[in-house]
2 protein chains.
Amino acid sequence: MSDTQAPEKRRAPVKEGKESKKESKEGDERHEAIYRAVSDAIVEQRLKPGARLREDALADVFGISRTGIRKILQRLALEQLVTLTPRRGASVTRPTADEAKDVFDARQLIECGLMPDVARRMGEKEAAELREMARQERQALRSGQQSVAIRLSADFHVRLAQLSGNATLAEFVERLCSRSSLILAVYGHPGHLGCESHDHDDLIGYLETGNGERAKAFMSRHLKAIEASLSMVEEEESAPDLQQIFGG
Amino acid sequence: MSDTQAPEKRRAPVKEGKESKKESKEGDERHEAIYRAVSDAIVEQRLKPGARLREDALADVFGISRTGIRKILQRLALEQLVTLTPRRGASVTRPTADEAKDVFDARQLIECGLMPDVARRMGEKEAAELREMARQERQALRSGQQSVAIRLSADFHVRLAQLSGNATLAEFVERLCSRSSLILAVYGHPGHLGCESHDHDDLIGYLETGNGERAKAFMSRHLKAIEASLSMVEEEESAPDLQQIFGG
DNA sequence: GCTGGATTTGGTGTATACAATAAATAGCAT
DNA sequence: ATGCTATTTATTGTATACACCAAATCCAGC
């Protein structure tokens, strides 16, 4: 089965992904697609924290060479979704409790601070779009696709931030949300999902009526609720702490 | 001259940089050093906005191959200090007026929001360190090294954010500050520097006495003052706007 | 003399080959 | 039998070669 050595001139037709690519994508878009694929897989916990990401394996799967994979891994590392240890390669980041606190504090500061601006720029079209996103999220939740729901919830928060009109802060929120998804995947209870069913809809309501302060307060409670739902136990796997176990 | 093809076992002794390296740096640190060198050069405006950064040239200067340079350029691109256009290569980012507004709004939100935390964690040692930084900045300013002063000022703000204890937000501030330096370099008046002489010292005073709210308000004014000192004229160089010039 | 197209050239995009290192394993000695 | 050391192996780090695209140049035609 190892037919990987055949050096065809053109880049290999990349054995069908999950969706059929238009083939000769500009290569740049191809990278973007691969980046999204890996990123989504991490966020949806199909790749679990700690999982090693070998360059050869990824290169093989996506049909490009290690060069491109490395580029993507470095980007993911800068976003702190993967950890790059010097000569050990890449692995999915396992967020610590401290990091989790930092991330949620940061969200508290930024997302809440953005609400007044969002309320000001909120129009009918935007509200409709957000409602549709919230609907999809509820649906995913109902059909038991928890991981997908987590990602859709993150998408919702990011879109919200984008509506503030500040691209820089929106980008920050994007990074915070993907890290949050990772945190939820690790510390969240399996049955109990982060964003409660109707929170997002309620939020849209406040924003639609231009009530920025109300939305801000609600967002604050919303985020606090998510954070509170986490069970912050760091199970260490390496070094099973013999000292403590045997009462050193 | 072109003795580069000689495949010596060790990596080439890298023809002395500007400072003599300890030679066999771990390679990782070498990359970091190069990254800093380029980043500083941009922030200090020795590399002006729009300047092209050819991979070959950089590889030649730093004595590593294009592979490493590309990695560094990609990192700088993610931090938005350089712009990477698909087949044209890298160039120093020329911030637009919109971006400048976003960056300063973001700083307003984040840095001000951090002040109470900083005030809470402020000790004698931290205050002394900050005062020393402020001193260096003043000195650079006095000796006419405006670019250096801009960088030192950015360093000050970053250190402040780090003292909040939130590493994630500190990293955001770091990025905002380097972009701000770029903005100052483009839109700032030559003679009139951003951070007024004693602002930073005053700020340390408020923080030292644990007066977080006061520090917050002061920081807000401080940032507003910097932003107000900019002359937001975008001189377009490409397409000299014939329509407008000849009253289309 | 100027415009339009073909050719050349400079520079990036990608793959691959090779070197180096850390982990795993096996062998040896105690 | 166990612990230490040497060899092997698996995987990353780096450089370089080659392909490809875009812009600049040059030539021809009008």
Side-chain angles (χ1 to χ4, degrees), chain A residues 2-14 21 23-35 38 50-77 82-92 237-239, chain B residues 2-15 21 23-35 50-77 82-92 237-239:
Chain A
S2 66
D3 55 356
T4 53
Q5 85 288 6
E8 300 193 329
K9 283 298 160 60
R10 297 266 144 239
R11 56 178 69 89
V14 80
K21 296 267 139 57
E23 209 243 351
S24 86
K25 282 266 183 107
E26 278 245 324
D28 212 6
E29 304 184 23
R30 171 141 197 76
H31 277 60
E32 188 67 18
I34 296 175
Y35 162 78
V38 177
R52 288 194 55 183
L53 301 171
R54 292 198 304 104
E55 297 178 352
D56 278 343
L58 289 172
D60 203 28
V61 167
F62 291 109
I64 63 173
S65 88
R66 281 177 49 213
T67 310
I69 296 295
R70 287 178 71 88
K71 193 166 101 179
I72 290 164
L73 287 177
Q74 275 159 29
R75 177 169 167 193
L76 288 166
V82 316
T83 301
L84 234 48
T85 50
R87 299 199 198 269
R88 303 292 315 281
S91 60
V92 178
E237 73 228 280
S238 60
Chain B
S2 66
D3 56 355
T4 53
Q5 86 289 6
E8 300 192 331
K9 285 301 159 58
R10 298 264 145 239
R11 56 177 68 90
V14 80
K15 64 188 70 156
K21 296 266 138 62
E23 207 243 353
S24 84
K25 280 268 184 106
E26 279 247 321
D28 212 6
E29 305 184 22
R30 171 141 198 74
H31 277 61
E32 187 68 18
I34 296 174
Y35 162 77
R52 290 195 55 178
L53 302 170
R54 291 198 303 104
E55 297 178 353
D56 280 345
L58 289 172
D60 203 27
V61 167
F62 290 109
I64 64 174
S65 89
R66 279 179 50 214
T67 310
I69 296 295
R70 286 179 71 88
K71 192 166 101 180
I72 290 165
L73 286 177
Q74 276 159 28
R75 177 168 167 196
L76 289 166
V82 315
T83 301
L84 236 47
T85 50
R87 297 195 200 271
R88 304 292 315 280
S91 60
V92 178
E237 74 228 278
S238 61

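Basis for what follows: all heavy atoms, side chains included, without hydrogens, waters or symmetry-related copies. For clarity, every value in this text was computed on a predicted model and none was experimentally measured. Proteins get letters first, then strands, A, B, ... in listed order; numbering begins at 1 in each.
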- Query: About how many Å separate NE2 of A/His31 and NZ of A/Lys71, when rounded to the nearest 0.5 Å?
  - Reply: 4.5 Å
Under 3.5 Å, N/O pairs linking protein and nucleotides 23-25 of chain C:
none

- Has B/Thr67 got a side-chain N or O lying under 4.0 Å from the OP1 or OP2 atom of D/dT14? no
- Query: Are any of A/Arg87's side-chain N or O atoms less than 4.0 Å away from OP1 or OP2 of C/dT21?
  - Reply: no
- Task: Using atom types as modelled and distance alone, determine if a side-chain donor or acceptor of B/Arg54 lies under 3.5 Å from a backbone N or O of B/Gly89.
- Result: no
- Message: Could you check whether any side-chain N or O of B/Arg75 sits under 3.5 Å from a backbone N or O of B/Arg70, counting only pairs where one atom can act as donor and the other as acceptor?
- Response: no
- Is there a donor N/O on one and an acceptor N/O on the other, under 3.5 Å, for the side chain of A/Arg66 and the base of D/dG13? yes
- Item | d(CZ, A/Arg70; P, D/dT11) in whole Å | 15 Å
- Would you mind reading off the distance between B/Leu84 atom CG and C/dG13 atom P, rounded to a whole angstrom? 7 Å
- Query: What would the secondary structure line of DNA chain C be in dot-bracket form, counting Watson-Crick and G-U wobble pairs under 3.5 Å, with [ ] for pairs that cross earlier ones and | for pairs with another strand?
  - Reply: ||||||||||||||||||||||||||||||
Looking at [options], which one has an atom nearest to any side-chain atom of [X]?
| X | options | value |
| --- | --- | --- |
| B/Arg54 | C/dG11, D/dT14, D/dA15 | C/dG11 |
| B/Glu55 | D/dA15, D/dT12, C/dG13 | C/dG13 |
| A/Arg52 | D/dA15, D/dT11, D/dG13 | D/dT11 |

- Might you work through the side chain to side chain contact (heavy atoms under 4.5 Å, CB included) test for B/Leu58 and B/Leu73, ending with a clear yes or no? CA-CA 10 Å; B/Leu58 289 172; B/Leu73 286 177; 4.2 Å; yes
